[in-house]
Asker: 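Just dropping this structure here.
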Amino acid sequence: MKTPESTTGHASLKDREKVAERLLRASARHSYDPDRELDWDAPFEPGKWFWPPELVSLYDTPLWRRMSEEQRHRLARIESASLASIGIWFEIVVMQLLLRHIYDKPVASNHVRYALTEVADECRHSMMFARFLAKSGTPVYPVSPFTHNLTRLFKSTSNTACSLIFTLLCEEVIDWMQRLTFPDDRVQTLVRGVTRIHVIEEARHVRYAKEELRRQLAGAGRLELGLTRAVTGELGRLFVRSFVNPMVYPDSGLDRHTALRQTRASEHRREVLRTGAGRLTGFLEEVGAFDRRSRGLWRAAGLL
């Protein structure tokens with residue numbers, strides 16, 4: 001396995017302040033207030049999906065083929081609520097990781113100013129997802145108590161590289177799904193508006209995280225690099241387990257164990273996850289964030 005230095009080369013690292021300056025300019029041009037941009041008073045449109053059916057976890061399984069169209073729509077609506085719920089959890093974790101990252105950095109630097117701009121974006125996204133949940137009339141689906149408490153430890157102790165990999169894993173897969181959602185005429189107008197805002201603003205966050213991760217791994221010692229690779233594998237497994245809350249199935253009138261078994265066995269679902277993570281896995285290979293074990297865990301989870 002090549003080290004990050006030999007894979008990327010220090011010469012390829014972009015100046016941190018110049019990257020942040022460009023991202024600040026982009027933020028000034030393309031930032032949105034969801035309360036003003038979206039029509040929250042408009043009723044949902046009868047017959048439209050809350051999530052593209054091809055992205056629903058049970059799509060193309062034997063159970064899906066036996067479900068009525070009404071049951072499919074209900075599951076899609078509840079899964080969209082599950083994704084909004086995990087989105088809020090994720091944004092809250094990312095905000096804390098960002099603030100830890102800049103705690104010792106020069107407060108007047110472009111790098112810190114952009115991090116604070118991203119925190120403001122994530123605050124708006126969390127409120128947007130929460131408002132969508134309230135309007136959709138669905139339950140809120142938190143992560144499991146185990147994941148909740150494990151993440152409490154992670155966000156307090158992780159190194160910067162692990163924090164950035166967590167950020168990118170959550171952002172890239174959901175971003176890929178949302179890029180399919182907002183142009184889809186079959187989907188509710190409000191859902192398309194929410195995903196469009198999120199995609200536009202998250203593109204800057206991904207750029208910031210990738211440039212900083214490249215920089216962190218280029219300067220990492222053997223011990224830090226080994227720890228980062230080990231945590232990367234576990235993050236992939238944790239992400240897939242948490243991505244859709246298992247309670248969406250009984251809340252949709254389905255048997256939980258049957259639905260979970262068929263979702264985990266679904267080649268279509270694995271292809272969705274692999275494709276959604278494709279840009280990220282290529283990048284992590286490039287910067288040296290994988291070793292044999294972490295790559296194997298991602299493959300077992302369906303991300304590779």
Side-chain angles (χ1 to χ4, degrees), residues 32-59 63-64 67-95 121-144 147-148 170-171 173-202 239 241-256 259-260 263 269 272 276:
Y32 300 93
D33 179 353
D35 288 338
R36 295 174 179 268
E37 293 285 338
L38 303 175
D39 186 355
W40 294 98
D41 295 325
F44 289 124
E45 298 133 299
K48 285 203 170 186
W49 293 86
F50 280 75
W51 201 239
E54 298 82 5
L55 300 181
V56 176
S57 62
L58 278 172
Y59 181 81
L63 186 54
W64 177 269
M67 292 164 64
S68 68
E69 195 69 2
E70 181 181 356
Q71 287 176 310
R72 293 172 179 176
H73 275 267
R74 176 167 175 77
L75 178 60
R77 182 171 187 155
I78 289 179
E79 281 201 13
S80 73
S82 176
L83 288 168
S85 301
I86 196 176
I88 296 170
W89 167 77
F90 160 65
E91 306 283 22
I92 290 171
V93 174
V94 167
M95 285 187 275
D121 290 344
E122 305 293 24
C123 281
R124 292 194 305 273
H125 296 168
S126 297
M127 292 187 288
M128 175 173 68
F129 294 152
R131 190 166 183 180
F132 169 73
L133 282 168
K135 182 175 175 64
S136 66
T138 54
V140 175
Y141 292 96
V143 295
S144 70
T147 298
H148 182 82
C170 295
E171 287 182 344
V173 177
I174 294 175
D175 178 79
W176 178 80
M177 291 185 169
Q178 291 182 332
R179 287 177 184 272
L180 297 178
T181 301
F182 78 76
D184 192 334
D185 290 335
R186 299 173 299 170
V187 177
Q188 295 284 344
T189 299
L190 180 62
V191 175
R192 294 171 63 195
V194 167
T195 54
R196 177 179 175 274
I197 287 174
H198 198 244
V199 163
I200 291 171
E201 296 189 341
E202 289 294 336
F239 172 79
R241 287 180 176 175
S242 303
F243 194 55
V244 174
N245 190 305
M247 287 305 299
V248 302
Y249 303 121
D251 286 353
S252 301
L254 303 170
D255 179 76
R256 172 176 172 169
L260 278 172
T263 296
R269 185 61 174 175
V272 165

Asker: Looking only at side-chain N and O atoms, does T147 offer a donor or acceptor that is under 3.5 Å from a partner on S144?
Answerer: yes

Asker: For S126 and M95, run side-chain contact (heavy atoms from CB on, under 4.5 Å): C-alpha distance rounded to whole Å, both residues' side-chain angles, the deciding distance at 0.1 Å, then the answer.
Answerer: CA-CA 11 Å; S126 297; M95 285 187 275; 4.0 Å; yes

Asker: Any side-chain heavy-atom pair from W51 and V187 closer than 4.5 angstrom?
Answerer: no

Asker: How many angstroms lie between atom CE of M177 and atom CG of L83, to the nearest 0.5 angstrom?
Answerer: 7.0 Å

Asker: Establish, for the pair R196 and Y32, whether the NZ or CZ atom is under 6.0 angstrom from the six-membered ring centre and no further than 45 degrees off its axis.
Answerer: yes

Asker: With the side chain counted from C-beta on, respond yes when W176 and L55 share a heavy-atom pair under 4.5 Å apart, and no when they do not.
Answerer: yes

Asker: Under 4.0 Å between a side-chain nitrogen and a carboxylate oxygen: does that hold for D251 and R74?
Answerer: no

Asker: Inspect the surroundings of CZ in R241 and state if more than 12 heavy atoms from other residues, nucleotides or ligands are less than 6.0 Å away.
Answerer: no

Asker: Any idea which heavy atoms bring I86 and S242 closest together, and the distance?
Answerer: CD1-O, 3.1 Å

Asker: Go through E122 and E201 one step at a time and tell me if the side-chain contact (heavy atoms from CB on, under 4.5 Å) criterion holds.
Answerer: CA-CA 9 Å; E122 305 293 24; E201 296 189 341; over 6 Å; no

Asker: Please find the pair of heavy atoms, one from T263 and one from R269, that lie closest to each other, and give the distance.
Answerer: O-CB, 3.9 Å

Asker: Do H73 and F50 have ring centres separated by under 6.0 Å?
Answerer: no

Asker: Please evaluate residues V244 and Y249 with respect to the criterion side-chain contact (heavy atoms from CB on, under 4.5 Å), reporting the C-alpha separation (whole Å), side-chain torsions for both, the decisive distance (0.1 Å), and the verdict.
Answerer: CA-CA 10 Å; V244 174; Y249 303 121; 4.3 Å; yes

Asker: Tell me which pairs pass salt bridge (charged side-chain N to carboxylate O under 4.0 Å, His left out) where either residue lies in residues 183-192, with sequence neighbours left out.
Answerer: E54-R186, D184-R186, D185-R192

Asker: I'd like to know if the side chain of W40 and the backbone of P34 have a donor-acceptor N/O pair within less than 3.5 Å.
Answerer: yes

Asker: Taking everything shown except E69 itself, do over 12 heavy atoms lie less than 6.0 Å from its CD?
Answerer: yes

Asker: Could you tell me whether a side-chain N or O of Q71 sits under 3.5 Å from a main-chain N or O of S68, the two making a donor and an acceptor?
Answerer: yes

Asker: Just verifying a value: how many Å separate D121 CG and M128 CE, rounded to the nearest 0.5 Å?
Answerer: 10.0 Å

Asker: Quick one: ring-ring contact (aromatic ring centres under 6.0 Å, His included) partners of F243, sequence neighbours excluded?
Answerer: F239

Asker: Return the CG to OG distance between L75 and S57, rounded to the nearest 0.5 Å.
Answerer: 5.5 Å

Asker: Identify the heavy atoms of T138 and S136 that sit nearest to each other, and give their distance.
Answerer: OG1-OG, 2.8 Å

Asker: Going by the salt bridge (Lys or Arg N to Asp or Glu O under 4.0 Å) test, name the single residue among D41, D35, D39 that passes it with R131.
Answerer: D35

Asker: Any heavy-atom pair between the side chains of R72 and Y59 that's under 4.5 Å?
Answerer: no

Asker: Which value, rounded to the nearest 0.5 Å, describes the distance between S85 atom OG and F90 atom CZ?
Answerer: 14.5 Å

Asker: Can you find a side-chain donor-acceptor pair between E45 and T189 that sits under 3.5 Å?
Answerer: yes

Asker: Shortest non-hydrogen contact from P139 to L133?
Answerer: O-CD2, 4.1 Å

Asker: Any chance you could measure T181, atom OG1, to Q188, atom CD, to the nearest 0.5 Å?
Answerer: 12.5 Å

Asker: Any non-hydrogen side-chain atom of E202 less than 4.5 Å from a side-chain atom of I174?
Answerer: no

Asker: How about E91 and H198: does a side-chain donor come under 3.5 Å of a side-chain acceptor?
Answerer: yes

Asker: List the atom of A84, the atom of F129, and the distance in Å for their closest heavy-atom pair.
Answerer: O-CB, 3.9 Å

Asker: Measuring from atom OH of Y141 to atom CG of N245, what distance do you get when rounded to the nearest 0.5 angstrom?
Answerer: 7.0 Å

Asker: Using a 4.5 Å cut-off on heavy atoms from C-beta on, say whether the side chain of L180 contacts that of T195.
Answerer: no

